[in-house]
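Shown next, in structure tokens, is the structure this report addresses.
The figures that follow rest on heavy atoms only: side chains count, while hydrogens, waters and symmetry mates do not. Just so we're clear, the structure is a prediction, and the values are computed from it rather than from any experiment.
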Amino acid sequence: MKGFGIFLLVIGIIGAIASFAMDVTVATEYGRRVNNIGLISARQNFILISCFIILCGLLMVLFGGKKNIKVHNMDISNVQGLNIKCPYCAELIKPEAIKCKHCGSDISVKNVSVDIGNSFIFDDKKLLIKIKDGYLIDDNAVMELITLIKEKYPESMNLIKDSEGDVNDIKSKIPQVVHEAFIRKFNYLINK
């Protein structure tokens, strides 16, 4: 919106300069020049149109502020300076917020524990490290999860395949922006 406003400002200024430079006189048979009412009227119209375009461009630049976007599952990577909706009360908040200023809910990480089978309960919020532009996956928490999965499947020859359902359950509880990083880190660390 601001870019289009700047474009209108430039076009309006060029139009205004051209309008003021417009010659409104005509030559007579004696070599003199006299004002032409039709050309004076045309110049006034061009000046008014140019000023209107400048006004529209100026308003777009001044009030064409930040867009509010809906961010699914708190996917806030590369969304700096924009507002997001709180998942609990739907009020607009900053993406860096840890608690919603309207309802007081903790929005940095969902406070949900994932029950993986009958053997153990893993707290998925330990996996996430909150940073300014999103989240990182904590290596120590992934190692703790791998330890618990190894205890659950002690006889397994292929832990990645056997624990796929458990990993997908945990993946569904964390923000979507870190799904791929979580899976990569899990697959790397489980084979160490």
side-chain contact (heavy atoms from CB on, under 4.5 Å) between Val34 and Thr25, worked out: CA-CA 5 Å; Val34 294; Thr25 62; over 6 Å; no
Lys/Arg N to Asp/Glu carboxylate O, Arg33 vs Asp23, below 4.0 Å: yes
Under 3.5 Å: donor-acceptor pair, side chain of Thr28, backbone of Arg32: yes
Gap between atom CD of Glu180 and atom NZ of Lys185 - 0.5 Å precision: 12.5 Å
side-chain contact (heavy atoms from CB on, under 4.5 Å) between Ile160 and Glu164, intermediate numbers included: CA-CA 6 Å; Ile160 294 175; Glu164 186 175 347; over 6 Å; no
Closest approach of Ser50 to Ala16 (non-hydrogen atoms, all atoms of both residues): OG-N, 3.2 Å
Val61 versus Gly5, closest heavy-atom pair with distance: CG2-C, 3.6 Å
Side chain to side chain, Asp138 and Leu127, heavy atoms closer than 4.5 Å: no
Test side-chain contact (heavy atoms from CB on, under 4.5 Å) applied to Val167 and Ile183, step by step: CA-CA 8 Å; Val167 171; Ile183 295 298; 3.4 Å; yes
Partner of Phe186 under side-chain contact (heavy atoms from CB on, under 4.5 Å), chosen from Ile137, Leu159, Ile149: Ile149
Student check: side-chain heavy atoms of Val142 and Tyr188 closer than 4.5 Å: no
Cluster link Ile54 to Leu62, ILVMFWY, side chain under 4.5 Å: yes
Distance in Å, Asp139 CG paired with Glu144 CD, rounded so as to fall on 0.5 Å steps: 13.0 Å
same_hphob_cluster(Met60, Ile49) at 4.5 Å side-chain heavy-atom cutoff: yes
SG on Cys100 to CD on Glu91, rounded to 0.5 Å: 7.0 Å
Over all atoms of both residues, closest heavy-atom pair of Cys56 and Leu8: CB-CD1, 4.3 Å
Side chain His179, main chain Lys171, donor-acceptor under 3.5 Å: yes
Option from Leu148, Asn158, Asp166 for which side-chain contact (heavy atoms from CB on, under 4.5 Å) with Tyr153 holds: Asp166
Shared hydrophobic cluster for Ile40 and Val26 (ILVMFWY, side-chain gaps under 4.5 Å): yes
Separation between CG of Asn45 and OG of Ser19, rounded to the nearest 0.5 Å: 9.5 Å
Met143 backbone acceptor or donor facing Thr147 side chain under 3.5 Å: yes
Same apolar cluster: Leu58 and Ile17, side chain cutoff 4.5 Å: yes
Joint cluster assignment, Ile14 & Phe20, ILVMFWY side-chain distance < 4.5 Å: no
Where His102 and Ile93 come nearest, the two heavy atoms and their spacing: CD2-CG2, 4.0 Å
